[in-house]
Amino acid sequence: MSGRYGGSGGGFRVSCTKSNLLLHLWMFGGDYACIGLLFLIGGVVEVTATPHAWQQPNAELNVNFAYPYAPQTFSTTLLLVSLLAILLVTIAAVQLIFRATRGIIDAHAALMAALSSLSIAFAITNISKFAVGRWRPNYHEYCAHLKSSGSGVGDAVCNDAHLSFPSGHSSAAWSVELALTFYLYGKTKVLHAHKRQFYRVFLASLPL
């Protein structure tokens, strides 16, 4: 696959051969290392940290934390799989519709941008969760459920009941969809003065 770039007076050719693709991936090795490091930091915090001892006066009587416990209906794993599927389908559709000349390299750049955004959100969200220690709305019943299920040891049993804010689901969804929206803005050129029609902006902003 190859493409020509430049105006009518000249240009250069980029060939998406296997060697060029490997060189492209090698050039972004540092970026992948940073992405992996951010995921590692967030994971270490989640596994080893103890939530801040957030104090709530008259906690036993506060109805804001007395909501009934219910099993999670949309797990984090399902959310990440859904986001990845939406991302890949959208990138594939863009490649077909706009017939992107850089093909795999262009798709890789979009995927890396989404992973970068997600890794930053993951690290910041996990650090913030443990620093804040905000109780979940179903704190009392959730904590009782964790104790009855034998999760954790000692005071760590109710750790997850202290991780209400910020929302991991929301931050993950927004980080990926925001990166995807900027990708669509770039491919559709909606911010160019001569292409700033409302319908273009609306379509490119659909991920949000």
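Numbering of residues begins at 1 and proceeds along the displayed sequence.
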Mind checking the OG-CD1 spacing from Ser119 to Ile124? Nearest 0.5 Å is all I need.
-> 9.5 Å

Shared hydrophobic cluster for Val132 and Ile41 (ILVMFWY, side-chain gaps under 4.5 Å) = no

Give a yes or no on whether Val176 and Leu184 share a hydrophobic cluster (residues Ile, Leu, Val, Met, Phe, Trp, Tyr; joining criterion: side-chain heavy atoms under 4.5 Å apart).
-> yes

Between the main-chain N or O of Met112 and the side-chain N or O of Ser116, is there a donor-acceptor pair closer than 3.5 Å?
-> yes

Rounded distance (nearest 0.5 Å) linking atom OG of Ser148 with atom CD of Glu141 | 11.0 Å

Can you list the steps and then say if Lys187 with Asp106 is a side-chain contact (heavy atoms from CB on, under 4.5 Å)?
-> CA-CA 10 Å; Lys187 299 305 294 184; Asp106 180 80; 3.4 Å; yes

Minimum heavy-atom separation for Ala172 to Leu79, with atom names?
-> CB-CD2, 4.1 Å

Transitive ILVMFWY side-chain link Phe74 to Leu83, under 4.5 Å | yes

Do Ile127 and Phe165 share a hydrophobic cluster (ILVMFWY, side-chain heavy atoms under 4.5 Å, transitive)?
-> no

Sole residue of Phe65, Tyr67, Tyr142 in side-chain contact (heavy atoms from CB on, under 4.5 Å) with Pro137 | Tyr67

Is there a chain of hydrophobic side chains (I, L, V, M, F, W, Y, each step under 4.5 Å between heavy atoms) that links Leu87 to Val81?
-> no

Of all heavy-atom pairs linking Phe130 and Ala49, the shortest is CE2-O, 3.4 Å

Please test Tyr139 against His162 for side-chain contact (heavy atoms from CB on, under 4.5 Å), starting from the C-alpha separation and ending with a verdict.
-> CA-CA 8 Å; Tyr139 175 82; His162 293 79; 3.5 Å; yes

Arg136 side chain vs Asp160 backbone, donor-acceptor pair below 3.5 Å | yes

Minimum heavy-atom separation for Asn159 to Leu163, with atom names?
-> O-CG, 3.4 Å

On a heavy-atom basis, the closest approach of Ala107 and Ile91 is CB-CG2, 3.5 Å

Pairs meeting criterion side-chain hydrogen bond (donor to acceptor under 3.5 Å, both in side chains) with involvement of residues 30-50, two or more places apart = Tyr32-His108, Glu46-Asn126

Of Thr125, Leu80, Thr76, which meets side-chain contact (heavy atoms from CB on, under 4.5 Å) against His169?
-> Thr76

Ile35 side, atom CD1; Leu40 side, atom CG - distance, nearest 0.5 Å | 13.5 Å

Measure the acute angle between the ring planes of Phe39 and Phe122, then classify it against the limits of 30° and 60° as parallel, tilted or perpendicular.
-> tilted

Nearest 0.5 Å please: distance from the CG atom of Leu38 over to the CG atom of Leu115.
-> 11.5 Å

With the side chain counted from C-beta on, respond yes when Pro166 and Ser128 share a heavy-atom pair under 4.5 Å apart, and no when they do not.
-> yes

Parallel, tilted or perpendicular: rings of Phe182 and Tyr185 (30°, 60°) | perpendicular

Spacing of CG belonging to Leu146 relative to OH belonging to Tyr69, to within rounding of 0.5 Å = 7.0 Å

Does a side-chain heavy-atom distance below 4.5 Å link Pro51 with Lys129?
-> no

What are the two closest heavy atoms between Ser117 and Ala179, and how far apart are they?
-> CB-CB, 4.2 Å

